[in-house]
Amino acid sequence: MRWRRDTVESDKFEARFERKKTQPSAYPIFGWICVVVSLVFFPLLIGAAGVVFGYLTKKSGKDVQGVVIMALSVACGLIGTLMGFIAPMH
């Protein structure tokens, strides 16, 4: 009985993994766009949107790319904010 349960759970995992792998997703594209745009326009708002798209990318099965998008969204949002504070001083 134990063997059958493990096999069924394994089959469910594999089916879910295959579905995520073949599922097209626009989340990474929107995430990368948010990373770049957050350097110039509305850095905190667009950076937060980039974090959301990074999370959705990670959830859709692209773990590394999702984490990179989230980290760069935060970094570019902060850099964009600092540039916005410094630019009017010059």
Side-chain angles (χ1 to χ4, degrees):
M1 193 73 147
R2 176 86 174 147
W3 175 79
R4 182 164 173 88
R5 181 176 176 214
D6 289 342
T7 304
V8 171
E9 288 179 10
S10 175
D11 291 341
K12 286 181 184 177
F13 174 76
E14 298 222 0
R16 186 174 57 121
F17 179 74
E18 286 298 319
R19 186 175 63 239
K20 283 185 176 183
K21 192 169 83 173
T22 60
Q23 188 177 34
S25 177
Y27 298 138
I29 296 168
F30 290 134
W32 287 113
I33 290 171
C34 287
V35 167
V36 174
V37 172
S38 69
L39 285 170
V40 182
F41 300 109
F42 306 108
L44 294 177
L45 181 66
I46 304 294
V51 171
V52 171
F53 283 122
Y55 173 76
L56 292 173
T57 300
K58 184 177 182 333
K59 189 176 174 184
S60 72
K62 299 175 182 168
D63 294 334
V64 175
Q65 188 176 15
V67 171
V68 170
I69 289 172
M70 287 188 282
L72 287 177
S73 292
V74 169
C76 289
L78 291 175
I79 291 170
T81 302
L82 290 175
M83 286 181 0
F85 283 137
I86 293 172
M89 293 180 188
H90 292 284

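At a threshold of 4.5 Å between side-chain heavy atoms, the hydrophobic network of Ile, Leu, Val, Met, Phe, Trp and Tyr places Val40 and Leu45 in one connected group. The cluster map of Ile, Leu, Val, Met, Phe, Trp and Tyr, joined by side-chain heavy atoms under 4.5 Å apart, puts Val36 and Phe42 in different clusters. Following chains of ILVMFWY side-chain contacts shorter than 4.5 Å, one can reach Ile79 starting from Phe41, so the two form part of one hydrophobic cluster. Under a hydrophobic clustering in which Ile, Leu, Val, Met, Phe, Trp and Tyr are joined whenever their side-chain heavy atoms come within less than 4.5 Å, directly or via other members, Val35 and Val51 fall into different clusters. No path of Ile, Leu, Val, Met, Phe, Trp and Tyr side chains, each step under 4.5 Å between heavy atoms, connects Val68 with Val74, placing them in separate hydrophobic clusters.
The side chain to side chain contact (heavy atoms under 4.5 Å, CB included) check on Tyr55 picks up Lys59, Met70, with sequence neighbours excluded. Scanning for side chain to side chain contact (heavy atoms under 4.5 Å, CB included) contacts around Ile33 gives Ile29, Val37, with sequence neighbours left out.
Here the closest non-hydrogen pair linking Leu39 and Met83 is O-CE, 3.3 Å. Taking all atoms of both residues into account, the shortest heavy-atom contact from Thr81 to Gly77 is OG1-O, 2.8 Å. Of all heavy-atom pairs between Gly80 and Pro43, the closest is C-CG, 3.6 Å. Contact record, Gly50 with Cys34: CA-CB, 3.6 Å, taken as the closest heavy-atom pair. The two residues Ser38 and Gly47 come nearest to each other via the heavy atoms CB-N, 3.8 Å.
The CG atom of Asp63 lies 10.5 Å from the OG1 atom of Thr57; values are rounded to the nearest 0.5 Å.
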- Query: Can Trp32 and Leu72 be said to form a side chain to side chain contact (heavy atoms under 4.5 Å, CB included), step by step?
  - Reply: CA-CA 9 Å; Trp32 287 113; Leu72 287 177; 3.6 Å; yes
